[in-house]
Visitor: 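What follows is a structure written as structure tokens; I'll ask about it next.
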Amino acid sequence: MGSPNIENAVDKILEEKDGDLLTNTVISFYNYSFLIGVMGYNVKGDVWKRVMTSNIDNTKDYYELVQYNGELFLVSCKDPNRMIKAYERHNK
């Protein structure tokens, strides 16, 4: 009972899905009344879990997506001088 709380709704989905982050989130409010009123928040989105650095395989190269001068690049975590252009806009 009590008032619905958005924070509790978000915490609930993160706990249910064992996640740390929520993106592409849609939060909707519902209010049903039939003899007894029920109201709350419905939360949907993509749930993500952070990777621990101890889980990273050092034999492989990992890349971080960065924006530099308005362009996106994949930058090697082992060698920051190694960059791959990740996105190229094509004008028609």
Side-chain angles (χ1 to χ4, degrees):
M1 294 296 164
S3 298
N5 183 305
I6 292 176
E7 185 176 353
N8 290 342
V10 170
D11 289 345
K12 183 179 176 185
I13 191 172
L14 289 174
E15 185 177 311
E16 285 176 0
K17 303 295 183 181
D18 191 30
D20 298 314
L21 304 167
L22 190 60
T23 61
N24 299 322
T25 308
V26 176
I27 299 174
S28 55
F29 180 77
Y30 60 87
N31 185 359
Y32 304 111
S33 297
F34 184 76
L35 298 178
I36 297 175
V38 178
M39 64 179 138
Y41 291 98
N42 187 15
V43 179
K44 293 182 181 183
D46 298 327
V47 178
W48 299 81
K49 184 146 184 90
R50 289 185 178 99
V51 175
M52 299 298 176
T53 54
S54 61
N55 295 339
I56 295 178
D57 181 352
N58 288 328
T59 63
K60 297 180 181 177
D61 199 356
Y62 294 90
Y63 291 82
E64 180 179 4
L65 184 65
V66 297
Q67 186 172 7
Y68 180 72
N69 288 338
E71 296 183 297
L72 295 175
F73 292 90
L74 292 171
V75 179
S76 168
C77 293
K78 286 185 174 183
D79 179 8
N81 294 318
R82 187 172 175 192
M83 296 174 62
I84 301 169
K85 194 169 187 178
Y87 178 81
E88 191 170 311
R89 179 173 288 181
H90 297 281
N91 295 325
K92 292 185 179 184

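Quick note: numbers below take in every heavy atom, side chains included, and nothing from hydrogens, waters or symmetry partners. All values derive from a computational prediction rather than experimental measurement.
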Visitor: If you take all heavy atoms of K85 and F73, which pair is closest and at what distance?
Guide: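 It is CA-CD2, 3.6 Å.
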Visitor: Please name the pair of heavy atoms, one in W48 and one in D46, separated by the smallest distance, quoted to 0.1 Å.
Guide: CD1-O, 3.3 Å
Visitor: To the nearest 0.5 Å, how far apart are CG in L74 and CE in M83?
Guide: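 It is 9.5 Å, given to the nearest 0.5 Å.
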Visitor: Would you give me the side-chain donor-acceptor pairs under 3.5 Å for residues 4-13, sequence neighbours excluded?
Guide:
from	atom 1	to	atom 2	distance (Å)
N5	OD1	E7	N	2.7
N5	OD1	N8	N	3.1

Visitor: Contact between V66 and L72 at the side-chain level, heavy atoms closer than 4.5 Å - yes or no?
Guide: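 No - every pair of side-chain heavy atoms lies 4.5 Å or more apart.
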Visitor: Determine, step by step, whether I27 and N42 satisfy the side-chain contact (heavy atoms from CB on, under 4.5 Å) criterion, reporting the C-alpha distance in whole Å, the side-chain angles of both residues, the deciding distance to 0.1 Å, and the verdict.
Guide: CA-CA 6 Å; I27 299 174; N42 187 15; over 6 Å; no
Visitor: Please report the interatomic distance CG(D18) to CG(D20), rounded to the nearest 0.5 Å.
Guide: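 Spacing of CG (D18) from CG (D20) equals 7.5 Å.
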Visitor: If Ile, Leu, Val, Met, Phe, Trp and Tyr residues are connected whenever their side-chain heavy atoms lie under 4.5 Å apart, and connections chain through other members, are V43 and V26 in the same group?
Guide: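 No, V43 does not connect to V26 through the hydrophobic network.
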Visitor: Answer yes if M39 and Y32 sit in the same cluster of Ile, Leu, Val, Met, Phe, Trp and Tyr residues linked by side chain heavy atoms under 4.5 Å apart, and no otherwise.
Guide: no
Visitor: Around atom NZ of K49, are there more than 12 heavy atoms from other residues, nucleotides or ligands closer than 6.0 Å?
Guide: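 More than 12 heavy atoms, drawn from other residues, nucleotides or ligands, come within 6.0 Å of this atom.
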Visitor: Do V47 and L14 come within less than 4.5 Å of each other through their side chains, counting heavy atoms only?
Guide: yes
